[in-house]
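The next block holds one structure in the form of structure tokens; read it before the comments.
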Amino acid sequence: MTFLFYLLAAVAILSALMVVFSRSPINSVIFLIICFLSIAGHYILLNAQFLAVVHIIVYTGAIMVLFLFVIMLLNLNTSNEPHKSQLTRITAVITGGLLLLVLIAATKDAVLIQAKNPADYNIGLVKQIGQTLFKQFLLPFEISSVLFISAMVGAVMLGKKDSKKN
Amino acid sequence: MAFNIYDFTSFTQSIDQGLNSVMPAFWAMITEMVIIGVAILAFYALVGLFLVYAERKVCAFMQNRVGPNRVGPYGIIQTIADLIKLLMKELVEIKKADKLLFTIAPFIVIIASFMAIAAIPFAKGLHAIDFNIGVLYVVAVSSLGVVGILIAGWSSNNKYSLIGAMRSGAQIVSYELSVGLSLITACILVGSLQLSTIVESQADGWLIFKGHIPAVIAFLIYLVASTAETNRGPFDLAEAESELTAGFHVEYSGIKFAFFFLAEYMNMFIVASIGATIFWGGWMPLHIGGWGSFNMVMDYIPPFVWYIGKTAVIIWIMMWFKWTFPRLRIDQLLTLEWKYLLPINLFNILLMAFIVLMGWHF
């Protein structure tokens with residue numbers, strides 16, 4: 001299984017790098033999808049099957065499809081990419097480098113997290129997750145669902161045509 | 001239970017032990033994967049060939065025609081002749097198209113449908129993977145096909161295929177919700193997402209009978225939504241021949257077109273067999289409580305026959321849909337999903353949960 005872990009990790013890192021380095025936005029999205037799939041593979045290695053499947057359904061099945069839609073409709077490609085001046089490039093490199101520095105500084109002193117209950121392989125299965133969500137974290141769960149509903153209602157209101165004007 | 005006469009668990013276990021005694025565990029696992037892959041591939045090709053033939057014959061029957069009848073008796077070999085024709089055709093390359101994406105798009109579509117087949121239980125113990133979250137796995141994997149369709153439409157560099165891909169994508173993404181929710185309704189009744197557990201729980205009655213009205217509603221919604229999810233008529237406006245020529249696969253020719261064609265039929269087979277597994281008991285024979293001798297007779301029919309028979313009935317219903325209903329408009333299609341199916345589905349889940357809580361099911 002260690003072999004599988006290293007394979008998936010390599011795929012995840014390589015595809016994440018390709019997301020940044022590929023010129024065409026569509027290719028970036030494809031590499032992002034590959035990255036998400038390999039992360040789902042990591043979840044399966046951890047026996048968190050529910051998390052893996054939800055990760056695929058939500059990120060690859062819905063959000064990435066939305067990304068593809070937007071990029072295709074805007075027809076973004078290398079030919080009509082806006083010209084970037086030298087100054088913006090230098091600023092981008094400096095800010096990116098600073099972010100990298102901060103991240104390295106933050107993870108430098110990180111310690112390995114000790115698993116609370118390493119013998120419990122079933123923690124990631126749907127039953128355990130359901131029990132935890134609906135018992136221990138019931139209130140946050142319900143509040144976040146209300147948040148999602150309000151976002152949906154807001155989106156519908158914004159998208160709705162004003163019937164008085166027409 | 002008498003259906004244990006067709007139990008494949010010991011058969012698969014003996015293969016597993018035999019392989020493990022000959023070679024180390026790692027290579028035994030690889031060999032098993034190869035065996036399963038080849039078996040599923042052969043099954044996939046056979047079902048694909050048969051479904052294309054069946055669709056033509058059913059279509060001809062609906063339209064009072066004879067259908068293919070020249071190649072072989074009753075035209076049985078027609079599909080193989082077509083396959084040879086498709087293999088011999090030139091693969092057209094398009095200028096200014098994204099070559100790599102154009103080439104991998106059909107593979108993404110076909111891999112997505114191939115992965116879904118792995119989760120389907122064909123008989124007791126005859127099951128490639130038995131995930132704890134089997135139902136969700138099928139939903140997740142079948143949602144990957146959209147990516148292939150969108151890429152195919154975009155990379156063809158053709159406005160018709162782009163519009164076709166957009167329509168397909170919008171349709172698949174929205175109808176996936178209804179498919180998932182109607183399957184969840186059935187899973188509430190069983191209390192498990194594992195496909196083998198779902199099938200075993202239907203030994204004393206199929207879910208569609210057990211769950212009373214909510215199960216029937218869920219099955220009807222599943223039938224409509226899965227027909228739409230596979231882009232079949234009357235929901236095939238994504239490939240509306242008269243306006244968009246053929247939708248996202250206009251520019252594909254030869255074997256690449258055949259991949260899309262095959263994937264469409266296999267997706268139909270997969271949704272039909274998932275529907276049969278979850279609502280009609282999969283490989284489980286028809287049992288009626290109290291009719292001992294009747295149940296005994298039913299048990300002697302092999303589970304594979306039950307499974308294929310139920311799937312074939314659902315496929316027949318879907319073909320019947322295609323050749324009798326007029327095509328929907330895009331706004332009608334989205335209205336049907338978001339304003340009718342989804343609210344009915346959400347209410348149906350509540351109803352089912354209430355029935356399960358009160359213990360009104362049997």
Side-chain angles (χ1 to χ4, degrees), chain A residues 1-4 18 22-34 36-37 40 43-44 47-79 121-130 149 152 156 159, chain B residues 26 29 96 98 100-102 104-105 108 111-112 115 119 129-157 159 161-163 165-174 176-177 179-180 184 187 191-194 248 338-339:
Chain A
M1 286 303 125
T2 333
F3 161 73
L4 273 178
M18 287 305 289
S22 66
R23 303 291 294 184
S24 150
I26 292 275
N27 284 349
S28 295
V29 174
I30 304 298
F31 282 116
L32 200 53
I33 289 173
I34 296 173
F36 283 152
L37 285 179
Y43 288 142
I44 289 182
N47 208 18
Q49 301 175 358
F50 180 71
L51 205 55
V53 162
V54 167
H55 189 79
I56 292 177
I57 292 177
V58 173
Y59 284 96
T60 344
I63 293 182
M64 284 302 110
V65 170
L66 208 69
F67 271 37
L68 278 177
F69 257 87
V70 172
I71 291 170
M72 284 174 187
L73 283 176
L74 293 178
N75 201 15
L76 291 174
N77 45 37
T78 38
S79 59
Y121 290 117
N122 295 328
I123 198 94
L125 299 187
V126 61
K127 206 165 230 166
Q128 277 72 14
I129 288 183
I149 284 196
M152 266 165 68
V156 170
Chain B
F26 178 74
M29 193 176 76
K96 293 199 173 176
D98 194 320
L100 178 70
L101 291 182
F102 187 75
I104 63 167
I108 297 179
I111 287 171
M115 281 167 82
I129 332 164
D130 192 14
F131 269 132
N132 183 272
I133 32 101
V135 175
L136 285 178
Y137 168 79
V138 172
V139 172
V141 164
S142 59
S143 74
L144 290 179
V146 199
V147 177
I149 287 175
L150 283 175
I151 292 173
W154 181 81
S155 63
S156 300
N157 202 16
K159 57 177 176 287
S161 53
L162 183 61
I163 296 171
M166 289 292 170
R167 284 187 181 182
S168 273
Q171 183 179 337
I172 295 174
V173 168
S174 34
E176 244 170 34
L177 277 174
V179 170
I184 293 294
C187 295
S192 168
L193 290 168
Q194 198 165 8
F248 62 88
W338 294 101
K339 291 193 179 165

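Hydrogens, waters and symmetry mates play no part in the numbers below; they use all other heavy atoms, side chains included. Residue numbers begin at 1 in each chain, while the letters A, B, ... track the order of the sequences.
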**Request:** Answer with side chain, backbone, both or neither: which region of B:L101 has an atom nearer than 4.5 Å to a non-hydrogen atom of chain A?
**Result:** side chain

**Asked** Side chain, backbone, both or neither: which part of B:L162 has a heavy atom under 4.5 Å from chain A?
**Response** side chain

**Fill in**
The interface call for B:L193 against chain A, heavy-atom contacts under 4.5 Å, is side chain

**Shortest non-hydrogen contact between B:V139 and A:I57, atoms and distance** = CG1-CD1, 4.1 Å

**Request:** Tell me, yes or no, whether the heavy-atom count around A:F67 atom CZ, taken from other residues, nucleotides or ligands under 6.0 Å, exceeds 12.
**Result:** no

**Complete:** The reported gap from CD1 in A:I44 to CD1 in B:I133 (rounded to nearest 0.5 angstrom) is 7.0 Å

**Item:** For B:V173 against A:G61, the heavy-atom pair lying closest together
**Value:** CG2-O, 4.3 Å

**Message:** Tell me whether the count of non-hydrogen atoms from other residues, nucleotides or ligands lying under 6.0 Å of CZ in A:F36 goes above 12.
**Reply:** yes

**Prompt:** Can you name the side-chain contact (heavy atoms from CB on, under 4.5 Å) partners of A:L37, sequence neighbours left out?
**Reply:** A:I33, A:I56, A:T60, B:L144

**Request:** Under 4.5 Å heavy-atom distance to chain A, tell me which part of B:I108 shows up: side chain, backbone, both or neither.
**Result:** neither

